[in-house]
Protein chains: 2
Amino acid sequence: MSSRVPEERRRRRPTRSGVLLSEDLIVGTALRLIGEHGSEALSVRRLGAALGCDPTALYRYFHDTDDLVLAIADRIIGDAMAGFVPGDDWVASLREMALRVRAGYLAHPRAAALAAHRVTRRTSEIQAVDTGIGLLLSAGFEPAAAARMYLAFIDTVLSHAATEAAFLALPGQQREADRRAWRDVYQDLDPVAYPALTAVRRELPGMADSSFEEAVDLLLEALAARAPTHRASTGGSSPG
Amino acid sequence: MSSRVPEERRRRRPTRSGVLLSEDLIVGTALRLIGEHGSEALSVRRLGAALGCDPTALYRYFHDTDDLVLAIADRIIGDAMAGFVPGDDWVASLREMALRVRAGYLAHPRAAALAAHRVTRRTSEIQAVDTGIGLLLSAGFEPAAAARMYLAFIDTVLSHAATEAAFLALPGQQREADRRAWRDVYQDLDPVAYPALTAVRRELPGMADSSFEEAVDLLLEALAARAPTHRASTGGSSPG
DNA sequence: GCCTTACGTCAACAGGGTTGACCCAATGTG
DNA sequence: CACATTGGGTCAACCCTGTTGACGTAAGGC
């Protein structure tokens with residue numbers, strides 16, 4: 001059922017509407033479908049209709065729907081990490097990795113909400129994990145620590161990205177209501193019951209903003225503090 | 001459709017099997033169903049069967065499935081934070097807060113996965129935000145910094161908890177496949193193409209474990225390092 | 001030009017959420 | 001006590017979903 005046959009060996013026969021199917025075409029069409037009509041628009045039948053083929057033809061390329069979702073997730077990772085080369089500064093490199101992954105997810109918020117928590121087991125993900133762990137090894141961490149630290153790092157990045165993507169995937173009305181909540185509901189509170197909120201009252205509208213970079217920076221600070229070898233460049237000297 | 005009629009005014013008529021329905025009973029039964037028969041057990045038909053009533057009777061109490069999920073989420077939040085009182089050690093208190101929220105989500109992963117990214121604006125949430133920001137103010141942070149730090153903290157906690165809940169909410173087959181991926185796929189890789197993964201090969205099965213506590217500890221370390229005033233008690237001396 | 005078989009197609013099944021009609025009994029009123 | 005009202009439990013039905021097995025056709029190797 002699944003794509004056990006190598007891509008080049010396939011006997012690609014045009015569908016009734018003349019389209020030549022391929023894994024890439026299916027994944028790309030699924031991403032477009034989700035981006036245009038929401039993550040609930042991704043169904044085998046709808047995808048078949050969008051591709052111009054019988055829905056069950058997809059089962060010749062993917063074992064089941066979950067297999068397709070994993071392929072979509074790996075495509076997002078691959079696009080996000082395309083052309084990335086780690087530099088000398090491992091902290092800066094991990095930071096760029098975080099920002100790239102986040103940007104990739106935010107580019108497809110509805111698909112990200114579907115695929116963010118999965119292990120794709122495919123090449124793009126494997127490549128990214130190798131790069132990230134390599135950076136931590138270069139920082140002097142022992143293998144066991146490097147693996148654990150990378151897991152904490154990437155889970156934080158992916159979790160935050162998924163949260164932001166889920167927020168962007170909300171219908172505009174609910175999204176704005178959530179954003180306004182910090183301005184409206186949290187402004188007229190009993191000072192006795194909520195002293196801390198009253199003290200920081202003027203800062204609360206900012207709670208609707210993203211905490212992604214702040215959280216990543218805090219995590220990287222802790223990692224740098226734990227690293228056996230100190231960072232090569234502490235003064236921001238070395239360019240790109 | 002929804003529960004516009006006050007609970008006490010309801011004309012509660014026993015079902016065919018003699019059960020008296022109520023919002024509380026339905027929510028409780030839904031939680032029990034999820035806990036006993038796995039995450040995929042929550043469906044209107046199954047819930048009706050478990051309650052001993054026609055499935056569509058639920059629509060007299062909740063507008064739709066989403067409405068029911070939100071009611072469940074509200075119960076979870078209330079239960080998780082019930083009885084929590086912050087102690088003298090602000091780091092330890094934030095840590096307990098994180099663990100409580102996480103435990104509440106993991107106890108009901110399916111419901112949590114569906115409602116984790118919503119802003120409730122209800123008293124439990126407001127109370128929690130006040131407590132958390134109060135702890136950061138007691139650490140010496142200025143109002144603006146306290147608000148930003150709390151946002152980074154709670155977003156990390158909620159994002160990680162949602163990720164873990166989403167994983168547990170997966171159908172058992174997909175969940176096990178994701179877990180096995182780190183043992184199977186990642187073991188036979190080309191050492192030249194993936195040098196870092198090869199170096200930490202023996203540590204990779206642990207990648208299926210949770211990074212929640214590691215991530216929270218790293219974040220709290222960074223917060224403690226940034227705090228203007230040092231922690232009051234470093235040796236665990238003061239009793240409750 | 002044959003033979004094999006990959007793969008697109010079709011019909012069907014089991015499960016899902018949701019709706020509208022139906023009707024009984026619980027409740028408010030006299 | 002009796003009546004009118006209506007809340008709410010029940011039932012049948014609709015349309016959606018993922019997935020499977022049979023079927024046949026055309027593509028590629030020889």
TODO: Between B:P55 and A:R16, just flag the one whose closest nucleotide in DNA chain C comes earlier from the 5' side.
DONE: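 This one resolves to A:R16.
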Task: Spacing of CG belonging to A:L47 relative to CZ belonging to A:R45, to within rounding of 0.5 Å - done: 12.5 Å
Confirm from the modelled atom types if [X] and [N] form a donor-acceptor pair under 3.5 Å, side chain to base only.
| X | N | value |
| --- | --- | --- |
| A:R13 | D:dT25 | yes |
| A:S43 | D:dC16 | no |
| A:R60 | C:dG8 | yes |

Task: Polar side-chain atom of B:R183 near backbone of B:P205 as donor-acceptor pair, under 3.5 Å - done: no
- [ ] Could you tell me whether the side chain of B:T15 and the main chain of B:C53 form a donor-acceptor pair under 3.5 Å?
- [x] no
Provide, to the nearest angstrom, the distance between the [atom1] atom belonging to [X] and the [atom2] atom belonging to [N].
| X | N | atom1 | atom2 | result |
| --- | --- | --- | --- | --- |
| B:F62 | D:dG7 | CZ | C1' | 17 Å |
| B:E23 | D:dG8 | CD | C1' | 14 Å |
| B:L47 | C:dG15 | CG | C1' | 16 Å |
| B:L68 | C:dG16 | CG | P | 15 Å |
| A:D66 | D:dT17 | CG | P | 18 Å |
| A:L58 | D:dT19 | CG | C1' | 12 Å |
| A:D67 | D:dT19 | CG | C1' | 14 Å |
| B:D54 | C:dC24 | CG | P | 16 Å |

Open item on the list: Using a 4.0 Å heavy-atom cut-off, does A:R45 contact any base of the nucleic acid, only the sugar-phosphate backbone, or nothing at all?
Closed with: base
Task: Ion pair check, A:D66 and A:R118, cut-off under 4.0 Å - done: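 Between A:R118 and A:D66 there is a salt bridge, with a charged N closer than 4.0 Å to a carboxylate O.
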Task: Closest listed nucleotide, where the reference is the side chain of A:V44 and the choices are C:dC10, D:dT19, D:dC11 - done: D:dT19
Task: Closest to the B:Y59 side chain, choosing from D:dA22, C:dG17, C:dC22 - done: C:dG17
- [ ] Ignoring backbone atoms, establish whether B:R46 has a side-chain N or O less than 4.0 Å from OP1 or OP2 of C:dG16.
- [x]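 So the side chain of B:R46 is within the cut-off, an N or O lying under 4.0 Å from OP1 or OP2 of C:dG16.
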Task: C:dT18 phosphate, OP1 or OP2, under 4.0 Å from B:T56 side-chain N/O - done: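 For C:dT18, neither OP1 nor OP2 has a side-chain N or O of B:T56 closer than 4.0 Å.
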Task: Pairs involving residues 149-161 of chain B, ordered by first then second residue, that meet salt bridge (charged side-chain N to carboxylate O under 4.0 Å, His left out) (sequence neighbours left out) - done: none
